[in-house]
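Structure first, commentary second.
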Amino acid sequence: MADHVLIEHIALYEGYEVTLQGWVYQKTGKGKLQFIRLRDGSGIIQCVVFRPNLNNDDLFNEVKALGQESSVRVTGKVKKEDRAPGTPGGYELDVSQIEIIQAAHEYPITPKEHGIEFLFDNRHLHLRSKQQWAVLRIRATIKRAMQEWLDNNGYINMDTPIITPSAAEGTSNLFEVGYYDETAYLAQTGQLYNEANIFAFGRVYCFGPTFRAEKSKTRRHLSEFWMIEPEIAFCDLDQLMDIEEQFVSYIVQMVLTHRAPELAVLERDTAALENVQPQFPRISYDEAIERLQALQAAETDPERAEMLKIEWGDDFGSPHETALTQQFDKPVFVYGYPTAIKAFYMEPWPGRPEICKSVDLLAPEGYGEVCGGSERMSDPDKLIDAIKAHDLPLENYDWYVDLRKYGSVPHSGFGMGLERTVAWICGIQHVRQTIAFPRTVSRMRP
RNA sequence: UCCUCGGUAGCUCAAUGGCAGAGCAUGCGGCUGUUAACCGCAGGGCUGUUGGUUCGAGUCCAACCCGAGGAGCCA
């Protein structure tokens with residue numbers, strides 16, 4: 001038998017004596033009987049220390065005095081016990097030996113309530129808390145599922161540069177960095193580079209951190225966030241939506257299969273997630289505006305009615321996205337946005353130049369946009385006109401235009417924000433909890 | 001950048017303009033089934049900063065700093 005076992009595998013060891021190593025997550029006691037909830041990173045289990053069983057009164061007194069987050073190694077017999085709390089739970093360790101590695105005192109994060117500011121000042125410790133543990137384990141599974149699906153479907157993983165000379169979509173929200181004698185910017189997207197990559201590899205994706213210097217203070221924004229960006233040659237807008245819905249469904253189903261205990265810790269309603277299977281509803285921007293205007297007309301609360309006000313040509317605000325997604329029990333595609341409110345590189349709609357072949361995927365339950373994508377412009381002359389119309393420096397895009405000169409094909413791609421996806425699947429309110437060390441407009445430490 | 005709310009013990013919060021309080025955490029003592037245990041005792045304060053009004057300011061006024069929620073922008 002291994003020298004120690006993981007708590008997540010504890011059910012396999014019922015009736016056996018095992019050694020666990022970890023940290024005191026919580027402790028209660030009743031005289032000669034002490035209950036330690038031990039965490040080891042894989043789960044939490046209750047360890048029962050009964051003085052006569054330990055047969056060492058000095059050691060027992062030290063155990064009684066152990067503070068939260070003390071590190072220990074415990075040995076004992078695994079017992080099935082319905083009263084035992086924990087994750088997975090239902091088992092406890094009847095302790096016969098305990099080795100105190102370090103007795104910790106005055107751990108600042110107690111089992112009682114704390115404020116946001118305090119918790120994020122102590123984020124390096126906050127990560128040990130059960131909810132954060134569950135969220136970040138689910139995040140790791142989501143990342144894995146994303147890459148697994150793409151790797152299994154013929155996509156090549158490419159790494160795109162983080163230091164870039166110019167913007168893909170507007171310059172106001174870029175982080176500037178010095179680059180020898182020049183000014184460079186932290187990447188907002190790898191998309192333009194992936195458009196070059198598909199002509200070499202057919203289907204590619206990049207996955208890494210991206211940076212937006214938006215002064216946004218909302219539950220949906222981070223200054224540094226992770227985005228996965230697939231790009232596909234010989235792919236039109238309809239095919240892109242087919243890909244997105246398979247991709248998103250796969251991710252959600254993998255989390256349901258592999259992270260049930262973590263979803264339970266978060267008290268996530270899994271029925272809503274089980275429903276995330278193809279097909280997703282697809283509505284045009286025109287139809288979305290009509291639906292929103294109908295909702296607005298029916299709204300009795302004047303304040304909410306004012307917030308829902310929208311005209312053709314406007315971009316959706318978060319109240320609009322929320323109202324729209326509440327009409328469906330699955331993620332919903334909205335396609336064909338006005339060209340004026342989208343980035344320069346999107347293919348115009350045939351016969352309707354005022355709209356473009358763009359599509360956003362809106363998550364249900366008010367979580368908003370999780371994927372943004374489009375069919376890319378494939379004609380070099382129209383692309384040059386679009387770059388000029390957006391006042392972007394043509395000399396920075398010469399290579400990008402070049403891609404349309406040598407075997408241009410219809411191609412499409414999308415970006416999916418990891419943190420928003422994690423927030424949605426976990427059912428939590430704020431994206432700052434979905435990454436270990438969030439960077440926001442008001443926080444860079446720890 | 002704008003709107004709203006907040007800043008008091010390590011933490012979460014109380015305190016009609018009139019003695020600075022509680023719970024948790026910490027320390028000591030008690031308890032054989034605890035689940036954010038419980039019981040007893042103890043220590044713990046530049047009330048965000050600066051100025052003003054007042055006999056008297058945690059409380060009222062002004063400016064500033066910090067944070068939260070929302071808007072805009074976005075994934």
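Side-chain atoms are counted along with the backbone in the values below, which use heavy atoms only and exclude waters and symmetry mates. Numbered from 1 within each chain, the chains take letters A, B, ... in sequence-line order.
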Inset, instruction - Mind checking A:E92 for me? I need base, sugar-phosphate or nothing, with any heavy atom below 4.0 Å counting as a touch. - result: base

Legend entry - Below 4.0 Å: OP1/OP2 of B:rA68 and any side-chain N or O of A:S442: yes

Inset, instruction - Please determine, for the side chain of A:H114, which listed nucleotide (B:rC31, B:rA36, B:rU12) has the closest atom? - result: B:rU12

Inset, instruction - Determine yes or no for a side-chain-to-main-chain donor-acceptor pair under 3.5 angstrom, with A:H126 supplying the side chain and A:D121 the backbone. - result: no

Inset, instruction - Measure from the side chain of A:E117, starting at C-beta and using heavy atoms only, and say which of B:rA75, B:rC66, B:rG33 lies closest. - result: B:rC66

Inset, instruction - Examine the base of B:rU34 for any acceptor or donor lying under 3.5 Å from a partner atom in the side chain of A:Q46, and report the outcome as yes or no. - result: yes

Legend entry - Check: B:rC74 base within 3.5 Å donor-acceptor of A:R420 side chain: yes

Inset, instruction - Take atom P in B:rG58 and the same atom in B:rA15, then report the distance between them in whole Å. - result: 15 Å

Legend entry - A:Q429 vs B:rG69: side-chain N/O to OP1/OP2 distance below 4.0 Å: no

Legend entry - Pairing stems for RNA chain B [at least three consecutive pairs; Watson-Crick or G-U; under 3.5 angstrom]: B:1-7 with B:65-71, B:10-13 with B:21-24, B:26-30 with B:38-42, B:48-52 with B:60-64

Legend entry - Under 3.5 Å donor-acceptor, A:R137 side chain and A:G41 backbone: yes

Inset, instruction - Determine the Euclidean distance between corresponding P atoms of B:rA22 and B:rC39; express it in Å to zero decimal places. - result: 15 Å

Inset, instruction - Quick one: do A:F247 and A:F414 satisfy ring-ring contact (aromatic ring centres under 6.0 Å, His included)? Show the steps, please. - result: CA-CA 11 Å; A:F247 178 66; A:F414 66 95; 5.7 Å; yes

Legend entry - B:rA75 phosphate, OP1 or OP2, under 4.0 Å from A:T421 side-chain N/O: no

Legend entry - Check: A:G190 main-chain N/O paired with A:E229 side-chain donor or acceptor under 3.5 Å: yes

Legend entry - Nucleotide nearest A:Q26 (side chain, heavy atoms from C-beta), chosen from B:rC73, B:rA36, B:rG33: B:rA36

Legend entry - Nearest-Å distance once atom C1' is located in both B:rA71 and B:rC13: 30 Å

Inset, instruction - Pick base, sugar-phosphate or nothing for A:G115, based on heavy-atom distances below 4.0 Å to the nucleic acid. - result: sugar-phosphate

Legend entry - Touch class at under 4.0 angstrom, heavy-atom based, for A:I109 against every strand present: nothing

Legend entry - Candidates B:rU32, B:rG33, B:rU12 - which lies nearest the side chain of A:V48: B:rG33

Legend entry - Close aromatic pair by centroid cut-off 6.0 Å: A:Y397 and A:F344: yes

Inset, instruction - Select base, sugar-phosphate, or nothing to describe what A:R51 touches, counting heavy atoms under 4.0 Å on all strands. - result: nothing

Legend entry - Closest listed nucleotide, where the reference is the side chain of A:H221 and the choices are B:rU32, B:rC73, B:rU34: B:rC73

Inset, instruction - Rounded to the nearest 0.5 Å, what's the gap from CD on A:Q188 to OG1 on A:T210? Could you check? - result: 8.0 Å

Inset, instruction - Would you mind classifying the nucleic acid contact of A:P85 as base, sugar-phosphate or nothing, using non-hydrogen atoms under 4.0 angstrom? - result: base

Inset, instruction - Check every strand shown and say whether A:D315 touches a base, only sugar-phosphate, or nothing at a heavy-atom separation below 4.0 Å. - result: sugar-phosphate

Inset, instruction - Using only heavy-atom distances, decide whether a donor-acceptor pair under 3.5 angstrom links the side-chain of A:K217 to the base of B:rA68. - result: yes

Inset, instruction - Evaluate whether the aromatic ring of A:F225 and the six-membered ring of the B:rA75 base sit under 5.5 Å apart, centre to centre, with an inclination under 30°. - result: yes

Inset, instruction - Give one of base, sugar-phosphate or nothing for A:R432, where a contact means two heavy atoms less than 4.0 Å apart. - result: sugar-phosphate

Inset, instruction - Using the C1' atom as the reference point in each nucleotide, state the distance between B:rG10 and B:rU26 in Å, no decimals. - result: 9 Å

Inset, instruction - Choose from B:rC31, B:rU34, B:rC73 the nucleotide whose nearest atom is closest to any side-chain atom of A:R83. - result: B:rU34

Inset, instruction - Using a heavy-atom cut-off of under 4.0 Å over every strand shown, decide if A:K79 touches base, sugar-phosphate, or nothing. - result: base

Inset, instruction - Would you kindly compare A:R443 and A:P319 by the position of their nearest RNA chain B nucleotide and give the one closer to the 5′ end? - result: A:R443

Legend entry - Residue-phosphate contact under 4.0 Å: A:H105 side-chain N/O, B:rG27 OP1/OP2: yes

Inset, instruction - Would you mind telling me which of B:rC31, B:rC74, B:rC24 lies closest to the side-chain atoms of A:E214? - result: B:rC74

Legend entry - C1' gap between B:rG21 and B:rA14, integer Å: 7 Å

Legend entry - Of the listed nucleotides B:rG33, B:rC24, B:rG72, the one nearest the side chain of A:L33: B:rG33

Legend entry - Any A:S318 side-chain nitrogen or oxygen under 4.0 Å from OP1 or OP2 of B:rC73: no

Inset, instruction - Select base, sugar-phosphate, or nothing to describe what A:G368 touches, counting heavy atoms under 4.0 Å on all strands. - result: nothing

Legend entry - A:Y285 and A:W312 aromatic ring geometry - parallel, tilted or perpendicular at 30°/60° bounds: perpendicular

Inset, instruction - Examine the base of B:rC24 for any acceptor or donor lying under 3.5 Å from a partner atom in the side chain of A:T110, and report the outcome as yes or no. - result: no

Legend entry - Check ion pair A:R268-A:E365 (N to O, under 4.0 angstrom): yes

Inset, instruction - Report which part of the nucleic acid A:F35 touches: base, sugar-phosphate, or nothing (heavy-atom distance under 4.0 Å, all strands). - result: base

Inset, instruction - Report the relative orientation of the aromatic rings in A:F316 and A:Y337; use parallel for angles under 30°, tilted for 30 to 60°, perpendicular for over 60°. - result: perpendicular

Legend entry - Per A:K30 side chain, nearest of listed nucleotides B:rA75, B:rG69, B:rU32: B:rU32

Inset, instruction - Sticking with atom C1', work out how far B:rG40 lies from B:rG52, rounded to a whole angstrom. - result: 48 Å

Legend entry - Residues A:R139, A:E419; criterion salt bridge (Lys or Arg N to Asp or Glu O under 4.0 Å); working and verdict: CA-CA 8 Å; A:R139 175 188 168 106; A:E419 287 75 15; 2.9 Å; yes

Legend entry - Nearest to side-chain heavy atoms of A:E113, which nucleotide of B:rA37, B:rC74, B:rA36: B:rA36

Inset, instruction - Can you tell me, in whole Å, how much space there is between the C1' of B:rC11 and that of B:rG44? - result: 13 Å

Legend entry - Spacing of CZ belonging to A:R123 relative to CZ belonging to A:R443, to within rounding of 0.5 Å: 10.0 Å

Inset, instruction - Please state the P separation for the pair B:rG70 and B:rC60 - nearest whole angstrom. - result: 27 Å

